[in-house]
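Single-structure report; data block below.
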Amino acid sequence: MTRKALGAKFFERSTLRVARELLGKYLVRRRGGKTRAFLITEVEAYTGKDDMSSHAANGMTKRNQAMFGRSGHWYVYLIYGMYHCLNIVTETHGTPAAVLIRGLAGVSGPGKVCRELGITTALYGKPAAKSSGLWVEDRASRIQKLGFRIRQTARINVGGDEKAKKRRWRFVLA
DNA sequence: TATTGGATCGCC
DNA sequence: GCGATCCAATAG
């Protein structure tokens, strides 16, 4: 069975919708001749100037420019000097938005996701496609999908104003 | 040019 | 609770 990477059509939509629908999809990593697939279990949505918890809250900077770029590309950044965080860009080109991949089945936490899959800023701005070695597939069976239950909470450890902190833009597969 | 602090993790 | 450890962002 041929498996296809989800492309621009999937990611160039409302960030909240993409975030929710990423749960139950698979993050696939190919490196060193080996391919591994992980069920996505936890994500968070971030947008632009309307979202004070977002890196893009104050416009474009060197770090966040990928968030303004084409959807379906990776936004990776270094946090606390030692961990990387992986995001997939959403919305139309020019509209800053992304979904943070916070957890996978068996891998809990955004820093650990990147450590486990060997993700660094080398993937910054690269497409979610087989060509980059990191992409997303819809592998779940119909039966599995019927069993998915989604929990929605406030985002973890974010800054910004109270309004942004209160938004329940974290999605977790129960 | 200098200072600050973060979408984290693991150990105390 | 707190230190590790880097560098982008911001202030000056």
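Every chain is numbered from 1 and lettered A, B, ... according to where its sequence line falls, protein lines coming before strand lines.
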Heavy-atom count check: over 12 atoms from other residues, nucleotides or ligands less than 6.0 Å from R13(A) CZ? yes
Within 45 degrees of the ring normal and closer than 6.0 Å to the centroid, is that where the cationic atom of R20(A) sits relative to F171(A)? no
What's the [atom1]-[atom2] distance between [X] and [N], to the nearest Å?
{"X": "M52(A)", "N": "dA7(B)", "atom1": "CE", "atom2": "P", "value": "12 Å"}
{"X": "H55(A)", "N": "dG5(B)", "atom1": "NE2", "atom2": "P", "value": "15 Å"}
{"X": "I79(A)", "N": "dA4(C)", "atom1": "CD1", "atom2": "C1'", "value": "13 Å"}
{"X": "H84(A)", "N": "dA8(C)", "atom1": "NE2", "atom2": "C1'", "value": "14 Å"}
{"X": "K112(A)", "N": "dT8(B)", "atom1": "NZ", "atom2": "C1'", "value": "10 Å"}
{"X": "I156(A)", "N": "dA7(B)", "atom1": "CD1", "atom2": "P", "value": "13 Å"}
{"X": "Y80(A)", "N": "dA8(C)", "atom1": "OH", "atom2": "C1'", "value": "14 Å"}
{"X": "L78(A)", "N": "dA4(C)", "atom1": "CG", "atom2": "P", "value": "17 Å"}

Could you summarise the pairing of DNA chain C as dot-bracket text, marking Watson-Crick and G-U pairs under 3.5 Å with ( ) or [ ] inside the strand and | across strands? ||||.||||||.
What's the gap between [N] and [M] when it is taken at their [atom1] atoms, as a whole Å value?
{"N": "dC7(C)", "M": "dG10(B)", "atom1": "C1'", "answer": "22 Å"}
{"N": "dG1(C)", "M": "dG6(B)", "atom1": "P", "answer": "16 Å"}
{"N": "dC2(C)", "M": "dG5(B)", "atom1": "C1'", "answer": "15 Å"}

Face-to-face stacking of Y46(A) with dA7(B), centres under 5.5 angstrom, angle under 30°: yes
Stacking of Y83(A) on dT8(B) base (centres under 5.5 Å, planes under 30°): no
Reading DNA chain B from 5' onward, which residue's closest nucleotide shows up sooner: G81(A) or G109(A)? G81(A)
Which heavy atom of [X] sits nearest a heavy atom of [Y], and at what distance?
{"X": "V89(A)", "Y": "F11(A)", "result": "O-CB, 3.8 Å"}
{"X": "E91(A)", "Y": "S71(A)", "result": "O-CB, 3.2 Å"}
{"X": "L16(A)", "Y": "A45(A)", "result": "CD2-CB, 3.7 Å"}

Indicate, yes or no, whether a donor-acceptor pair under 3.5 Å links the base of dA7(B) to the side chain of Y77(A). yes
If you measure from CG on L104(A) to CG on L27(A), what distance do you get to the nearest 0.5 Å? 5.5 Å
Identify, residue by residue, the members of residues 88-97 of chain A with a heavy atom below 4.0 Å from DNA chain B, and return them in order of residue number, or none. none
Less than 4.0 angstrom from a charged side-chain N to a carboxylate O is my criterion; do D50(A) and R167(A) meet it? no
Determine, step by step, whether Q144(A) and R139(A) satisfy the side chain to side chain donor-acceptor pair (under 3.5 Å) criterion, reporting the C-alpha distance in whole Å, the side-chain angles of both residues, the deciding distance to 0.1 Å, and the verdict. CA-CA 10 Å; Q144(A) 273 183 299; R139(A) 291 188 173 197; over 6 Å; no
Which part of the nucleic acid does G111(A) contact within heavy-atom distance under 4.0 Å: base, sugar-phosphate only, or nothing? sugar-phosphate
Counting N and O atoms only, with roles assigned by atom type, does the side chain of [X] sit under 3.5 Å from a partner on the main chain of [Y], one being a donor and the other an acceptor?
{"X": "T41(A)", "Y": "G103(A)", "answer": "yes"}
{"X": "R102(A)", "Y": "R155(A)", "answer": "no"}
{"X": "R29(A)", "Y": "G118(A)", "answer": "yes"}

Let me check something: do V43(A) and I156(A) share a hydrophobic cluster, defined by ILVMFWY side-chain heavy atoms less than 4.5 Å apart, either directly or through other members? no
ILVMFWY cluster, Y26(A) and F148(A) together (side-chain gap under 4.5 Å): yes
Pairwise N/O distances under 3.5 Å, protein to nucleotides 9-12 of chain C:
{"unit_1": "dA9(C)", "atom_1": "OP1", "unit_2": "T61(A)", "atom_2": "OG1", "d": "2.1"}
{"unit_1": "dA9(C)", "atom_1": "OP1", "unit_2": "R63(A)", "atom_2": "N", "d": "3.1"}
{"unit_1": "dA9(C)", "atom_1": "OP2", "unit_2": "K62(A)", "atom_2": "N", "d": "3.2"}
{"unit_1": "dA9(C)", "atom_1": "OP2", "unit_2": "R63(A)", "atom_2": "N", "d": "3.4"}

May I ask you to evaluate whether R115(A) reaches the phosphate of dT8(B), defined as a side-chain N or O under 4.0 Å from OP1 or OP2? no
Looking at N157(A), does any N or O in its side chain come under 4.0 Å of the phosphate oxygens OP1/OP2 on dT8(B)? yes
